[in-house]
Every structure is written in C-alpha cells, then in structure tokens.
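I have placed the structure first, in the form of structure tokens, so that the comments after it can refer back to it.
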Amino acid sequence: MDYSLPSPDCNTISKTYNGQINSDLIQKTNERYRETLPNLPRGKGWMTEHLVQYQGVWLTPNAALKGLMWVQDHFKPRSTDIFLATFPKTGTTWLKALTFATFNRTRYGFADHPLLTTVPHGCLPFLDACPNDLDGFPSPRLLSTHIPYTLLPNSMTVNQSCRFAYICRDPKDVLVSKWLFMNKLRPKELAPISLEEAFELFCQGISHYGPYWDHVLGYWKASLETPEKVLFLKYEELKEEPSVVVKRLGEFLGHPFSLQEESEGVVEEIVKLCSFENLSNLEVNKWSVLKLLSTQITIDNRHFFRKGKVGDWKSYLTDEMVKRINEITSEKLLGSGLVFGS
C-alpha cells in the first residue's frame, strides 16, 4: 500500500475547513444535539462552567459534544486515514510535531520546515471540530482527535483499516498539566479552579474526554487486539528514547526510515526539530495565537509549551493525593497488563 502522498500543507487547513458542508447534515446534528443535551448529567467544568456526560464520557456541552455527534453521524473515513489520538495534555503537541515531520520528511527541508513557522496544532486537521469538511484533503489524511476509542463509529474501528497512533502519560502529570492549562483558558468571569477541586474532579473521572483511565484503556485494549492498526506509545518512553520511538512511528505510518536516512541522521534531525527546547523558543510559539474553529476560542501558542517534563507532579501534589491517584490507577488497570511509572 502506498503512503507516499503528503498530508496537506499547514497553510491550507483552515481554508479547507471552510469548504461547503451539507446544510441538511448540520441540521440533523443540531437537532439531535438539542434533543439530547437537556437530559445529560452535569459536572463542574475546568475551562467552561460545566461538563456533560454523554455515553459515559465527560465533554464540554457545546463544541466537544457536537463534534462527537458529528463524527458518529456523518464522518466518512477512508481506509488510508491515520489518526493521532490523545487525551488532552498527554503529549498531543509533541506527537503531532513528530508525526507531521516524520510523515512529510521527503517533502520539507529542515531549514524551512513548516513547524518553524506554524504551531503543530495548525498542521493537522482536528476531527472533533463541528462541523468539518475533510473530504477535500488528499489521501492518506493525517488527522487528530481526543475522542475515546470506544465512542468512535464502527466505520472507523471495524469496517475500515484506519490506523491510530495513541500516546498516554502518567495520570499525575496529566492532572497537573491539565489543571494549569485549563485555568489559563478559563473565562475571567469564572473563578480559577483550585488544585484541590481539579484533583477531586479528575479522580471522579470528570474532566474533558474523561475518565482518563477509561480513555487510555480503550486504546490500550485495541492495540493488543489489532497492533497493526493501533500504535500505543508512552510519553515517558518518548522522553527517554525519542529516536527509538520516532523509528517505530515511521514504521507504523508506512514510512520506515531507510539505512541511508539513519546514517545521515534524519531521525535525530526530526527529534531536534520537534524538541521542546526548539519548538518552545520559536517566535510563532512565543507570540502567535491559535484559533479553534469549532469554538471561536483563541489560545496563545505559548500555553502549549510549559515544561515538557516527566514527574513535575512532585512539585504540586501532596503525599495523600499521590497515594489516592496511584490507588485508583492500580485498581483501574488491574489485569490489563498496562503499567504507569510510580
């Protein structure tokens, strides 16, 4: 199978999103949304005032819920589609950069690479945006999503040979990173959410696309059942041996690195280009903003680059918090074969 076709240029993504979309489909999604929303359980929100629980998953009541419904009802996957799937704040920005650079390494040079002038989130279309028009993108399409594997339509997980690259992270680091990030996006009219509040909500599973453990286990089990379709990565392993993981990623994407590329240091160049140190110091990631088309929210690109460290939770969580979240993790992952760091 030929995967040599390039993904769309970063600069064309926003234009393609604005293509023509069937108004009847939009109306159907909106009708289902209006009928469903009033009956959903509510929980305290992190970035918004509240979240709603839909099919066992907590979502923002507007953008995320509509986006999921749109995907479930109308998205038309292709057998060559590749999805970068993540729970928020598990390494999404880094995985997008590495995947985009690996996938397009014969298309762009390192000296004038799009990642030098575009935040990684601007280089991959976001599947969850509602409505979206992805038909205009050439195959194979490289797309991103936060949707749990168990909520994806069968057309994506069973009927097609779509592939998913997934990354997870120690839940303690996810909690801290998510709390700090969401407070930066929280409207000024809403009081900041405290770490104690965020901790309780996270442990109860009430967070965007949560519960976190369920999200991870969905993709983990899929990777065991169909390893050729789901690549399961850990943030900690990526930090420890980035070159090894990038080569695994290239193999999974259908773009294995040749011996010549390895001898010429292409893998190391990709790792360097996509490193936290490099990306966080680029002008575009210091001063520019990203506009989320599905919500009209703008995010300073610098908020996507905080520390990029493993174990930063040690600076924030109490011993009691660590004990409780470790106990939940052990209970949730029991018998799965999946293990996080201590």
Side-chain angles (χ1 to χ4, degrees), residues 13-14 16-79 81-88 92 121 124-137 141 143-160 162 164 166 182 185 187 190 201 204-212 214-219 222 291-297:
I13 288 179
S14 61
T16 308
Y17 264 137
N18 293 325
Q20 296 298 315
I21 304 174
N22 189 312
S23 59
D24 289 339
L25 298 184
I26 296 176
Q27 184 176 349
K28 288 181 180 179
T29 297
N30 287 339
E31 288 176 356
R32 185 158 86 91
Y33 170 79
R34 287 192 294 268
E35 292 173 358
T36 304
L37 182 61
N39 302 315
L40 298 179
R42 289 190 176 194
K44 184 178 177 64
W46 298 51
M47 180 180 68
T48 54
E49 186 173 3
H50 63 267
L51 299 175
V52 294
Q53 189 180 41
Y54 175 73
Q55 296 182 355
V57 174
W58 291 94
L59 305 162
T60 53
N62 188 10
L65 177 58
K66 278 187 179 180
L68 174 57
M69 288 182 169
W70 176 268
V71 171
Q72 291 178 333
D73 292 347
H74 306 303
F75 177 63
K76 297 178 181 178
R78 302 172 189 167
S79 61
D81 284 342
I82 301 170
F83 300 92
L84 303 190
T86 63
F87 186 89
T92 306
H121 298 280
L124 275 73
F126 188 46
L127 175 67
D128 311 9
C130 173
N132 57 43
D133 181 13
L134 301 173
D135 292 341
F137 288 107
R141 297 181 297 187
L143 310 172
S144 66
T145 183
H146 288 317
I147 297 176
Y149 190 83
T150 52
L151 266 62
L152 293 170
N154 286 340
S155 59
M156 293 175 64
T157 60
V158 178
N159 303 336
Q160 294 279 15
C162 303
F164 299 83
Y166 183 81
M182 290 300 177
L185 305 186
L190 298 178
L201 291 170
Q204 295 171 33
I206 305 175
S207 63
H208 302 74
Y209 298 94
Y212 174 64
D214 294 354
H215 198 288
V216 172
L217 284 172
Y219 283 93
K291 184 174 182 179
L292 304 182
L293 297 176
S294 59
T295 63
Q296 302 304 310
I297 292 175

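Model, not experiment: these values are computed from the prediction.
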Point-to-point distance, once rounded to the nearest 0.5 Å, from CG of D128 to CG of L65: 11.5 Å
Side chain proximity check, D81 to C162, heavy atoms < 4.5 angstrom: yes
If you look only at distance, which donor and acceptor atoms sit under 3.5 Å apart when one is on a side chain in residues 148-156 and the other is two or more places apart or in another chain?
none

Hits for side chain to side chain contact (heavy atoms under 4.5 Å, CB included) against R32, two or more places apart or cross-chain, chain-then-number order -> T36, Y54, M69, Q72, D73
Looking at every heavy atom in both P88 and Y209, which two are closest together, and how far apart are they? CG-CD1, 4.0 Å
Check the surroundings of atom NZ in K44: do more than 12 heavy atoms from other residues, nucleotides or ligands lie under 6.0 Å from it? yes
Can you tell me how far CZ of F164 sits from OG1 of T86, rounded to the nearest 0.5 angstrom? 12.5 Å
Can you name the side chain to side chain contact (heavy atoms under 4.5 Å, CB included) partners of T48, sequence neighbours left out? L51, T60, P61
For P38, which residues count as a side chain to side chain contact (heavy atoms under 4.5 Å, CB included) partner, sequence neighbours excluded? none
Please check: side-chain N/O of R42 versus main-chain N/O of H50, any donor-acceptor pairing under 3.5 Å? no
Do you know the tightest heavy-atom contact between Y166 and A85? CD1-O, 3.0 Å
Nearest 0.5 Å, please: how far is CG in L59 from NZ in K66? 13.5 Å
Please list, chain by chain and in numerical order, all residues satisfying side chain to side chain contact (heavy atoms under 4.5 Å, CB included) with E35, sequence neighbours excluded. none
dist F83:CZ -> Y219:OH (nearest 0.5 Å) comes out at 9.0 Å
Non-hydrogen atoms of M47 and H208 that approach each other most closely: N-CE1, 3.9 Å
Enclosure of Q55 CD (heavy-atom neighbours >12, cutoff 6.0 Å): yes
For W58 versus G43, what's the shortest heavy-atom pair and its separation? CZ3-N, 3.3 Å
Report the distance from atom CZ of F75 to atom OG1 of T145, rounding to the nearest 0.5 Å. 9.0 Å
For the CG atom of L124 and the CZ atom of F126, what is their distance to the nearest 0.5 Å? 11.0 Å
For H74, ring-ring contact (aromatic ring centres under 6.0 Å, His included) partners two or more places apart: W70
